[in-house]
Amino acid sequence: MTADTLQIDIQPTTKSRLQEVDFNNLVFGRNISDHMFIAEYRDGEWQDARIVPYGDLSLSPVTAALHYGQAIFEGMKAYKNEEGEVLLFRPTDNWKRMNHSAERMCMATIPEELFMSGLTELLRLDADWVPSQPGTSLYVRPYMFATDAYLGVRPSDTYYFVIFTCPVGKYYANPPKVKVETQYIRAAEGGVGAAKCAGNYAASLYPTKLAQQQGYDQLIWTDAREHTFVEESGTMNVMFVMDGKLVTPAVNDTILNGITRKSIVEIARHWGMVVEERKVDIKEVIQALKEGRLEAAFGAGTAVVVSPFAVIGYEGIDYELPAVKDDSFVARVSRYLTDIRTGKEEDIFGWTLKV
Ligand SMILES: *Cc1c(COP(=O)(O)O)cnc(C)c1O
């Protein structure tokens with residue numbers, strides 16, 4: 001990519017939709033901000049980087065991504081601090097992970113400058129869309145998909161890289177009932193579980209629907225070989241507080257390398273807590289629960305930060321978890337991470353970026 005291809009052409013909207021948004025009743029994904037960033041990959045380089053009014057894309061029915069699934073995405077959040085400045089949380093990690101996904105799906109990779117300048121220019125232009133009420137944020141969705149209008153199976157030669165954003169509200173939900181899934185799988189060794197690819201989400205919908213019909217909210221995925229080791233929960237990483245230690249499955253090629261997970265691990269170590277990243281046998285978790293040694297089990301991800309489970313269903317039995325106390329690790333780490341992201345807490349880790 002040469003310097004002039006990185007030049008971002010900005011076409012501001014003449015008709016902002018900001019006034020139409022009810023910032024006191026934000027529903028996830030309902031209101032998309034005024035602008036979107038687009039760059040196109042062709043002839044071996046990224047070009048036509050631009051920010052345009054949010055609107056429909058025009059695509060060939062043959063578009064490769066729609067048939068063979070070369071489609072990946074990222075998710076992050078932007079916040080406003082008390083001075084009204086816009087903060088991003090560890091965006092370079094999203095860029096690195098996007099390229100990791102791209103490599104696994106045989107797609108073009110994105111230069112750091114393109115990702116970061118597309119992101120920051122878009123956020124500067126739509127800064128008024130970043131909400132400031134407690135619990136709210138601007139969700140940022142970068143994604144890339146194959147655009148060759150060619151029906152043969154091969155890696156596409158052309159791609160779109162798009163970023164749009166949407167203001168999101170506080171996530172109200174009761175602590176979920178999760179079911180340990182021992183029939184269907186999310187990922188297998190050698191597969192694409194570590195890539196944030198669209199198909200992983202499609203594959204999870206049916207088993208999740210079955211669990212919901214049985215009265216659960218979400219799944220705990222187990223390993224593909226033995227259904228013994230805990231992998232993730234829904235589309236979040238999973239963590240346990242057992243015997244006073246933070247225990248979480250080690251990241252490998254079946255587990256997505258979550259930025260929230262990684263941050264919680266770093267905070268726990270900084271607080272002097274013992275952290276074990278290893279294989280976690282579900283029987284070990286159930287045993288600890290029965291013996292009162294399991295303080296908490298929770299999902300970790302950008303969308304909710306942490307989501308402590310109320311019930312774990314395993315082999316037909318529902319096990320209730322203790323309620324989360326205000327001074328527990330889960331409550332403290334959730335507050336601390338939120339405060340770093342929103343600029344309330346001093347960012348001693350250097351994780352936030354002002355756009
Ligand atoms: C995105 C995602 C996560 C969470 O990653 P964060 O960077 O913390 O948002 C965990 N598991 C899966 C499968 C995901 O797609």
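Whatever order the structure lists ligands and atoms in, that order sets their numbers, starting from 1. For reference, positions follow the sequence shown, starting with 1. Below, each value reflects all heavy atoms present in this structure, side chains not excepted, and no hydrogens, waters or symmetry copies.
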Arg97 touching ligand 1 at heavy-atom level, < 4.0 angstrom: yes
Any N or O of Gly75 closer than 3.5 Å to N or O of ligand 1: no
Residue Gly258 vicinity, atoms of ligand 1 by number, heavy atom under 4.0 Å: 5 (O), 6 (P), 7 (O), 8 (O)
Presence of salt bridge, Lys262 and Asp93, under 4.0 angstrom: yes
Minimum-distance pair of heavy atoms, taken over all atoms of Val275 and Ala268: CG2-CB, 3.7 Å
Subset of ligand 1 atoms that lie under 4.0 Å from at least one heavy atom of Glu232: 10 (C), 11 (N), 12 (C), 13 (C)
Arg186 near ligand 1 by a heavy-atom separation under 4.0 Å: yes
Mode of Lys196 contact toward ligand 1 - side chain, backbone, both, neither (heavy atoms, under 4.0 Å): side chain
Plane angle bin for Phe329 and Trp271 - parallel if under 30°, tilted between 30 and 60°, otherwise perpendicular: perpendicular
Centroid separation Tyr319 to Tyr314 less than 6.0 Å: no
Test side-chain contact (heavy atoms from CB on, under 4.5 Å) applied to Arg341 and Asp347, Val305, Leu88, the passing residue: Val305
Thr235: numbered ligand 1 atoms lying under 4.0 Å from its heavy atoms: 2 (C), 3 (C), 10 (C), 11 (N), 12 (C), 14 (C)
Candidates Arg90, Arg97, Lys96 - the one meeting salt bridge (Lys or Arg N to Asp or Glu O under 4.0 Å) with Glu74: Arg97
Aromatic plane relationship, Phe161 with Phe37 - under 30° parallel, 30 to 60° tilted, over 60° perpendicular: perpendicular
Those atoms of ligand 1 less than 4.0 Å from some heavy atom in Thr302: 6 (P), 7 (O), 8 (O), 9 (O)
Which residue and heavy atom of the protein sit nearest atom 8 (O) of ligand 1, plus the separation: Thr260 OG1, 2.6 Å
Residue, atom name and distance, where the atom is the protein heavy atom closest to atom 15 (O) of ligand 1: Tyr201 OH, 2.4 Å
